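Both backbone and side-chain heavy atoms feed into the values below; hydrogens, waters and symmetry mates do not. Per chain, numbering begins at 1; letters A, B, ... match sequence-line order. Predicted model only: the values in this text are computed from it and were never measured.
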Amino acid sequence: MLRSKTCGEIRAEHQGQAVTLAGWVDSVRDHSGILFINLRDRYGLTQIVFSQSLADTVRSLHPEDVVQIEGTVQLRPEGIVNKKIPTGEIEVKAEKLTILNRTAVVPFQPSAPEVPAEETRLKYRYLDLRRPAMQKTLTLRHRICKVARDYFDENGFVEVETPMLGKSTPEGARDYLVPSRVAQGQFYALPQSPQLYKQILMIAGYDRYFQIARCFRDEDLRADRQPEFTQLDLEMSFVDSEDIIGMISGLVERLMKEVLGREIKGDKIPRMCYDEAMERFGHDAPDLRFGMELIDLTDIAKEVEFRVFRGVADSGGRIRAINAKGAAEKYSRKDIDGLNNWVIEQFGAKGVAWLKVDTDGKLAGPIAKNFTEEQLDKIAKRVGAEKNDFILFSADTFSVTCKVLNGLRRRLAAELKLINPNEMNFCWIVKFPMFDWDAEEKRWVAMHHPFTAPLTQDLHHLAGTPDSNPGAIRAQAYDLVLNGFEVGGGTVRIHDSETQSKVFDLLGLSLETAKQQFGFLLEALQFGAPPHAGIALGLDRLVMLFGGLDNIRDCIAFPKTAKAADLMTGAPSPVATKQLDELAIKTTLKPNDTVAR
RNA sequence: GGGGACGUAGCUCAAUUGGUUAGAGUACCGGACUGUCGAUCCGGUGGUUGCGGGUUCGAGUCCCGUCGUCCUCGCCA
């Protein structure tokens, strides 16, 4: 061992002990007759004191040089304890200094107070990962995995690895494809999730499976979305949705307690139906850390002359509002113009109407003149208007009012600082619709995936029955939501081929096509498939939220940029012509753009 | 694919309406200093203002294109 202690563990009780430390030079402070360095590793900082004898070597040190110190622990002189660091009561009096490795001049110092540009951080990721904040996050990530693994183990789960090279399926996200050399012209797909394999494992009798599974989706990125991400994936047999919700609620409680040392809010995680979430928040992953819920005014709008409201209400649209309490003075006409342009550009809305409550408690604003006194009173009562309230309206299709008001609700909450950043607010969203109508392709599409079981009480709406109504069918699906982010989603699966056929039929999948795509699963379902259900949690998002971060890249050791590039390694990159020849692949681009020279 | 923000020294940033030789902090190099801890003090090196065009007497600043990073809409069963 090149060290006997880490840089974070020495305390006053070790006074007089001989120790050997190794780490990175964090800073050098040269006072001519006496010199100090802060030595850093991932456990902390320890101050090393040098006398004149080692001065020349110490002066040659640079930040991020790797050194080994042999010395003696001593208490710092009275009155100059450094209370900012846990090791601040002691220092190590150096007797020997060994330079283990010199560094080149670093592009940035991990200990610097300012964080470099994202591009620089990603290019020199090893330096970025030396930053204490990153080390804290990756350690948190490890803790979450460890607690989850232990929890699943205690509950009888078996961790099974499923293939990375799988079969491409046309539904869902775009696949990352891997060309086959031995079967030229054919491709594997990297898994979007272990979905089909874990269902097969249920049929195979592994009634409690879990995996910390890497997943891939070739879609555009976001602050909370990477092309390569990790799921805490599980599946159980002989269970219903209550069992899955219970199992995961237990995990959440454990994670909160063992990782953050906290209890979950309330006795248990509350639940909300999808329809209720859309009515109250306009989104299926509502942030419940603040109010400002959506208020429906469609019935009032049907009675008014104001054409913007009346027209929408009469043609089946909705008029809804949010009330930003006490915010009237904080939003100038210019600010409101900004909000208006934002909803037009971002959500394709026609705009946002607004009213403010003036000092007399009256609703005022450009649209106020379109209402009678009585109608204004009705609106005021409905939205709970009080002095200085700022009320924003969206009059549009239900879908657009959801997008607009959810967007405004989140934006205003951030701007008005309504969110307690320390709160961890979980909820379950249940009873999702089974199908979505795709207006472009003029067909029903599965909202989750085509193996999701409908709620038994909605089965009579399936095709081929007198009261067939696919839009009314709800799924046995459940999403776990934390602080306005979807952190998990799962369903009870269909385990009988009769229901499965009906669902495929509704999706416009012929038996032939279905067999071609999922034949192995359909076949397997015939050989004693137990009732089963499962869920997958987004590990990266969980870490992000447990760590109080606002970006998923900061939870991943080696993340990709918005264009899915790895700035450190330079991937993706051209390959040699020989490699392409072996795969029988020819690009339609100019050779110099794609082929390694 | 669409919209927006940004790109100036190794790093973090500044530079008035388009106007002198593009500045500061830090890092780096040299020097001073025996209790500092983001050490301090003195001096110095360091720039094709992402790249390519254009407008102008004059462009870091304005216009067009392009590349990159971030945010976002579409997309993500």
Asks: According to the Watson-Crick and G-U wobble definitions, with both distances under 3.5 Å, which nucleotide is paired to B:rU40?
Replies: B:rA32
Asks: Sticking with atom P, work out how far B:rA15 lies from B:rA32, rounded to a whole angstrom.
Replies: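 Roughly 38 Å separates the two P atoms.
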Asks: Please lay out, stage by stage, how A:Gln476 and A:Val430 fare under the test side-chain contact (heavy atoms from CB on, under 4.5 Å).
Replies: CA-CA 8 Å; A:Gln476 297 190 53; A:Val430 297; over 6 Å; no
Asks: Please confirm whether the shortest side-chain N or O distance from A:Arg553 to OP1 or OP2 of B:rC71 is below 4.0 Å.
Replies: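 Yes.
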Asks: Would you check if A:Val352 and A:Ser394 make a side-chain contact, meaning some heavy-atom pair closer than 4.5 Å?
Replies: no
Asks: Where the side chain of A:Arg76 is defined as all heavy atoms beyond and including C-beta, which of B:rC70, B:rG35, B:rA27 is the nearest nucleotide?
Replies: B:rG35
Asks: Starting from C1' on B:rC37, measure out to CD1 on A:Ile48 and report it in whole angstrom.
Replies: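 From A:Ile48 CD1 to B:rC37 C1': 13 Å.
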Asks: Expressed in whole Å, how much space separates the C1' atoms belonging to B:rU8 and B:rG46?
Replies: 14 Å
Asks: Go through the N and O atoms of the side chain of A:Glu91 and the base of B:rG35, and report whether any donor-acceptor pair is under 3.5 Å.
Replies: yes
Asks: Compare side-chain N and O positions of A:His449 against OP1 and OP2 of B:rC76 and report whether any pair is under 4.0 Å apart.
Replies: no
Asks: Could you check A:Gln47 against A:Asn82 for side-chain hydrogen bond (donor to acceptor under 3.5 Å, both in side chains), going step by step and ending with a plain yes or no?
Replies: CA-CA 10 Å; A:Gln47 173 165 286; A:Asn82 185 352; over 6 Å; no
Asks: Taking atom C1' in both B:rU66 and B:rC29, what distance in whole Å separates the two?
Replies: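 It comes out at 38 Å once rounded to the nearest Å.
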Asks: Separation of A:Met447 atom CE from B:rC75 atom C1', in whole Å?
Replies: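 Interatomic distance, CE of A:Met447 to C1' of B:rC75: 15 Å.
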Asks: Let me spell it out: for each of A:Gln195 and A:Glu119, pick the nucleotide of RNA chain B with the closest heavy atom. Which residue's pick is nearer the 5' end?
Replies: A:Glu119
Asks: Pairing check on B:rG25: which nucleotide meets the Watson-Crick or G-U wobble criteria with it, both distances under 3.5 Å?
Replies: B:rC11
Asks: Rounded to the nearest 0.5 Å, what's the gap from CE on A:Met434 to CG on A:Leu507? Could you check?
Replies: 7.5 Å
Asks: How many Å lie between CD1 on A:Ile552 and C1' on B:rC70, as a whole number?
Replies: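 Distance check: A:Ile552 CD1 to B:rC70 C1' gives 15 Å.
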Asks: Do the side-chain N and O atoms of A:Asp233 and A:Tyr209 include a donor-acceptor pair separated by under 3.5 angstrom?
Replies: yes
Asks: Quantified in whole Å, what is the P atom distance between nucleotide B:rA14 and nucleotide B:rC33?
Replies: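 So the two P atoms sit 38 Å from each other.
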Asks: Would you tell me whether A:Gln516 and A:Glu512 have side-chain atoms, one donor and one acceptor, within less than 3.5 Å of each other?
Replies: no
Asks: Kindly indicate, with the supporting measurements, whether the criterion ring-ring contact (aromatic ring centres under 6.0 Å, His included) is fulfilled by A:Tyr478 and A:Phe432.
Replies: CA-CA 7 Å; A:Tyr478 30 82; A:Phe432 281 78; 9.1 Å; no
Asks: In whole Å, what is the span from the CD1 atom of A:Ile80 to the P atom of B:rA39?
Replies: 16 Å
Asks: Quick check on B:rG74: is either OP1 or OP2 less than 4.0 Å from any side-chain nitrogen or oxygen of A:Lys403?
Replies: yes
Asks: What is the base-pairing partner of B:rC70, counting Watson-Crick and G-U wobble geometry with both distances under 3.5 Å?
Replies: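 Looking at the geometry, B:rC70 pairs with B:rG4.
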Asks: Can you find a donor-acceptor N/O pair under 3.5 angstrom joining the side chain of A:Arg217 to the base of B:rC76?
Replies: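 Looking at the base of B:rC76, it does not pair with any donor or acceptor on the side chain of A:Arg217 (distance under 3.5 Å).
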Asks: For residues A:Arg409 and A:His283, is any side-chain donor paired with an opposing acceptor at under 3.5 Å?
Replies: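 Side-chain D/A pair, A:Arg409 to A:His283: absent.
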Asks: How long is the line joining CG of A:Asp224 and P of B:rU72, in whole Å?
Replies: 7 Å
Asks: Hey, are A:Glu89 and A:Lys83 close enough for a salt bridge, meaning a charged N less than 4.0 Å from a carboxylate O?
Replies: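 Between A:Lys83 and A:Glu89 there is no salt bridge, as every charged N stays at least 4.0 Å from the carboxylate O atoms.
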Asks: Using heavy atoms to find the nearest nucleotide of RNA chain B for A:His62 and A:Glu219 separately, return the residue whose nucleotide is more 5′.
Replies: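 The answer here is A:His62.
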Asks: For nucleotides B:rC11 and B:rA27, find the distance between their P atoms and express it as a whole number of Å.
Replies: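 One P to the other, the span is 15 Å.
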Asks: OP1 or OP2 of B:rC71 versus the side-chain N and O atoms of A:Asn551: is any pair under 4.0 Å?
Replies: yes
Asks: Are any of A:Arg222's side-chain N or O atoms less than 4.0 Å away from OP1 or OP2 of B:rC73?
Replies: yes
Asks: Between A:Thr72 and A:Glu95, do the side chains contain a donor N or O and an acceptor N or O under 3.5 Å apart?
Replies: yes
Asks: Give the residues of residues 21-35 of chain A touching RNA chain B, defined as any heavy atom closer than 4.0 Å, sorted by residue number.
Replies: A:Ser27, A:Arg29, A:Asp30, A:His31, A:Ser32, A:Gly33, A:Ile34
Asks: When you compare B:rU40 with B:rG35, how far apart are their C1' atoms, in angstrom units rounded to a whole number?
Replies: 13 Å
Asks: For B:rU45 versus B:rG7, give the span between their P atoms, rounded off to a whole number of Å.
Replies: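 27 Å, rounded to whole Å.
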Asks: Does one side chain, of A:Tyr197 or A:Gln195, offer a donor that lies under 3.5 Å from an acceptor on the other?
Replies: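 No, no side-chain donor-acceptor contact under 3.5 Å.
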Asks: Could you tell me which nucleotide pairs with B:rU20 by Watson-Crick or G-U wobble geometry, both distances under 3.5 Å, or answer none if nothing does?
Replies: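 No nucleotide pairs with B:rU20.
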Asks: For the base of B:rU36 and the side-chain ring of A:Phe36, does the geometry meet a stacking cutoff of under 5.5 Å between centres and under 30° between planes?
Replies: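 It does: the ring sits over the base of B:rU36.
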Asks: CZ of A:Phe50 versus P of B:rC33: gap in Å, rounded?
Replies: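 The distance from CZ of A:Phe50 to P of B:rC33 comes to 20 Å, rounded to the nearest Å.
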Asks: Considering Watson-Crick and G-U wobble pairs with both distances under 3.5 Å, what does B:rU49 pair with?
Replies: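 None - no nucleotide pairs with B:rU49, as no candidate has both distances under 3.5 Å.
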Asks: Got a donor-acceptor pair under 3.5 Å from the side chain of A:Gln47 to the base of B:rU36?
Replies: yes
Asks: In residues 561-570 of chain A, which residues come under 4.0 Å of RNA chain B by heavy atom?
Replies: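 RNA chain B contact set from residues 561-570 of chain A: A:Thr561, A:Ala562, A:Lys563, A:Leu567.
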Asks: Report the distance from atom CG of A:Asp220 to atom P of B:rG3, rounded to the nearest whole Å.
Replies: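 Distance check: A:Asp220 CG to B:rG3 P gives 14 Å.
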Asks: Given atom CG of A:Leu122 and atom C1' of B:rU69, what is their separation to the nearest angstrom?
Replies: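 In whole Å, B:rU69 C1' lies 9 Å from A:Leu122 CG.
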Asks: Could you work out the separation of B:rC51 and B:rC41 based on their P atoms and round it to a whole Å?
Replies: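 That atom pair is separated by 34 Å.
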Asks: Touch check for A:Pro116, heavy atoms < 4.0 angstrom, all strands: base, sugar-phosphate only, or nothing?
Replies: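 Sugar-phosphate contact only.
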Asks: Where the side chain of A:Pro113 is concerned, which of B:rG38, B:rU12, B:rC28 is the nearest nucleotide?
Replies: B:rG38
Asks: Taking the side chain as C-beta and beyond, is there a heavy-atom pair between A:Cys7 and A:Asn38 under 4.5 Å?
Replies: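 No; the side chains remain at least 4.5 Å from each other.
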